[in-house]
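What follows is a short report on a single structure.
We use all heavy atoms of the structure for the numbers below, so side chains are in, but hydrogens, waters and symmetry mates are not. Note that ligands are numbered from 1 as they come in the structure, with each ligand's atoms numbered from 1 the same way.
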Amino acid sequence: MTSDSSMVLFAAKGGGSAIIEAQLDIIGVAYERRYLAWDELHGADGELARINPMREVPTLVLPDGSILTESAAITIWLGAKYPESGLVPSTATTEYVPFLRTLIWLVASVYPTFSYGDHPERWLGDMPEAKALRTATDEKRKAMWQQLEARLDPAPWAMGERLTAIDLYLTIMSHWRPRRDWFRDNCPKIYAIAKRLDDMPALAPMWARNL
Ligand SMILES: N[C@@H](CCC(=O)N[C@@H](CS)C(=O)NCC(=O)O)C(=O)O
């Protein structure tokens with residue numbers, strides 16, 4: 001168990017902050033969680049808005065007080081600081097390139113479909129197209145998950161024999177639209193990874209906080 005009590009994670013129930021909670025819990029580092037209500041995130045001018053103008057979670061305050069946002073950046077930072085966790089494969093491994101490719105694809109291609117589809121009114125106001133934007137981003141996301149499914153060869157984890165942060169992203173994101181039953185029926189390899197992680201004891205507190 002590592003002690004680093006000065007880290008503070010801004011989080012919201014069920015959000016992308018759970019991906020970072022899972023990593024911190026597996027690493028075993030002590031950190032403070034500050035949960036915000038969903039309507040506090042975008043609207044309020046509280047502490048989160050002061051440190052992250054995007055008003056998004058995850059936002060991590062590092063031990064030296066600097067602010068780290070963006071789940072992939074946090075993942076890479078944690079991987080460098082706690083390499084023994086294996087959550088980010090070392091650059092010397094064959095897993096590193098597929099890991100990097102998949103990590104950036106998750107945050108740069110898949111995650112934005114939620115940014116636009118969850119709140120279409122932020123982009124289109126009360127225009128009638130707002131509903132269509134949500135439907136279109138939901139459909140695009142399904143196609144992307146199927147692309148990943150086609151190139152995955154879990155053994156048993158997404159990147160091979162070792163659990164990595166990719167498995168945590170998949171497990172948590174598979175609770176979001178189109179949700180678990182769709183993955184069971186359409187992406188059985190992603191679903192199997194998620195089911196395996198559901199039962200991991202180190203993640204039980206994270207699930208209790210987030211489901
Ligand atoms: N690119 C960011 C996306 C973060 C993000 O979109 N977070 C969502 C929660 S899953 C959020 O904070 N939404 C609040 C809002 O938009 O009101 C990352 O990978 O961390």
From the options Thr59, Val57, Ile20, Leu41, select the one whose nearest heavy atom is closest to atom 7 (N) of ligand 1. Val57
Answer whether the closest heavy-atom distance between the side chains of Tyr169 and Val110 falls below 4.5 Å. no
Can you tell me the protein heavy atom closest to atom 1 (N) of ligand 1 and the distance? Glu70 OE1, 2.6 Å
Nearest protein heavy atom with distance in Å, relative to atom 17 (O) of ligand 1: Arg122 NH2, 2.8 Å
If you measure every N/O of Pro58 against every N/O of ligand 1, is any gap under 3.5 Å? no
In terms of residue, atom name and distance, what is the protein heavy atom nearest to atom 6 (O) of ligand 1? Tyr111 CE2, 3.5 Å
May I ask you to check whether Trp176 has an N/O atom sitting below 3.5 Å from an N/O atom of ligand 1? no
Under 4.0 Å from any heavy atom of His42, which atoms of ligand 1 are there? 17 (O)
Does Met173 approach ligand 1 within less than 4.0 angstrom via side chain, backbone, both or neither, non-hydrogen atoms only? neither
Note, Lys81 side chain near Ile27 side chain (heavy atom, < 4.5 Å): no
Please say whether Ser71 places an N or O atom under 3.5 Å from an N or O atom belonging to ligand 1. yes
For Trp38 and ligand 1, does the shortest N/O to N/O distance drop below 3.5 Å? no
With a cut-off of 6.0 Å (strictly less than), are more than 12 heavy atoms of other residues, nucleotides or ligands near OH of Tyr96? no
Evaluate the criterion salt bridge (Lys or Arg N to Asp or Glu O under 4.0 Å) for residue pair Arg50 and Glu47; output intermediate values, then yes/no. CA-CA 5 Å; Arg50 279 197 296 283; Glu47 194 184 356; 5.4 Å; no
Measuring only between side-chain heavy atoms, which start at C-beta, is Leu203 closer than 4.5 Å to Leu168? yes
